[in-house]
Amino acid sequence: MSEGENRQSEGSPQAGVVTVSDVQELIRRKEEIEAQIKANYEVLESGLQVDDEIVEFGSVNTQNFQSLHNVGSVVQHSEGKPLNVTVIRRGEKHQLRLVPTRWAGKGLLGCNIIPLQR
């Protein structure tokens, strides 16, 4: 056995051996990931939806809206800070909180959507 192979085998379990505790740890991690997916899905379900009418986006509202540049400016200046958003959904007013967050794509993405109230 070479010196490198000897060092790898000292103090480490044999390759290919899976213990009950390994499986239990994987099951625990799987359950954590599934819970996180469920929580994210619920947030997305309560966030902006097709046919929502946005009546307030941060400091931009129906009274002072001129163009989408207004909304873009608010988002750019609010990175990492919560933005209150009010929408009318199927005739009911819903208040949400979006947190503009950097992502791999261009611009900021409104992640961490938190439903405030209906």
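Here the structure is a predicted model, which is why all the values come from computation and not from measurement.
To the nearest 0.5 Å, atoms CD (Glu32) and CD1 (Ile37) are separated by 12.0 Å. Atom NZ of Lys93 is separated from atom OG1 of Thr86 by 6.0 Å, given to the nearest 0.5 angstrom. The distance from the NE2 atom of His94 to the CD1 atom of Ile88 is 8.0 Å, given to the nearest 0.5 Å.
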ask   = What do the steps show when you test Gln95 against Val85 for side-chain contact (heavy atoms from CB on, under 4.5 Å), and what is the final call?
value = CA-CA 6 Å; Gln95 292 185 324; Val85 177; over 6 Å; no
query = Under the side chain to side chain donor-acceptor pair (under 3.5 Å) criterion, do Ser73 and Asn70 qualify, and how do the steps go?
reply = CA-CA 5 Å; Ser73 178; Asn70 301 112; over 6 Å; no
Salt bridge (Lys or Arg N to Asp or Glu O under 4.0 Å) between Glu34 and Lys38, intermediate numbers included = CA-CA 6 Å; Glu34 287 174 341; Lys38 182 180 182 208; over 6 Å; no
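A donor-acceptor pair under 3.5 Å links the side-chain atoms of Asn61 to the main chain of Gln63, judged by distance alone. Looking only at distances, a side-chain donor or acceptor of Thr101 sits under 3.5 Å from a matching main-chain atom of Val99. Put simply, the side chain of Thr19 gets close to the backbone of Asp22: a donor and an acceptor are under 3.5 Å apart.
Cluster membership check: Leu26 does not share its hydrophobic cluster with Ile33, using side-chain heavy-atom separations under 4.5 Å among Ile, Leu, Val, Met, Phe, Trp and Tyr. Hydrophobic cluster membership differs between Leu68 and Val55, with clusters built from Ile, Leu, Val, Met, Phe, Trp and Tyr side chains linked at under 4.5 angstrom. Note: the hydrophobic cluster containing Val20 does not contain Val17 (ILVMFWY, side chain heavy atoms under 4.5 Å, direct or indirect links). One hydrophobic cluster holds both Val87 and Val71 under the rule that ILVMFWY side chains link at heavy-atom gaps under 4.5 Å. Hydrophobic cluster membership is shared by Leu83 and Ile54, with clusters built from Ile, Leu, Val, Met, Phe, Trp and Tyr side chains linked at under 4.5 angstrom.
Closest approach of Arg97 and Asn84 over heavy atoms only: NE-OD1, 3.2 Å. In this structure, Phe57 and Val74 approach most closely via the heavy-atom pair O-CG1, 4.2 Å. In terms of heavy-atom proximity, Ser78 sits nearest to Pro100 at O-CD, 3.5 Å.
Heavy-atom contacts from other residues, nucleotides or ligands closer than 6.0 Å to CG of Asn64 number more than 12.
For the pair Arg90 and Gln49, the minimum side-chain heavy-atom distance is below 4.5 Å.
Looking at residues two or more places apart in sequence or on another chain, you find a salt bridge (charged side-chain N to carboxylate O under 4.0 Å, His left out) between Glu25 and Arg28.
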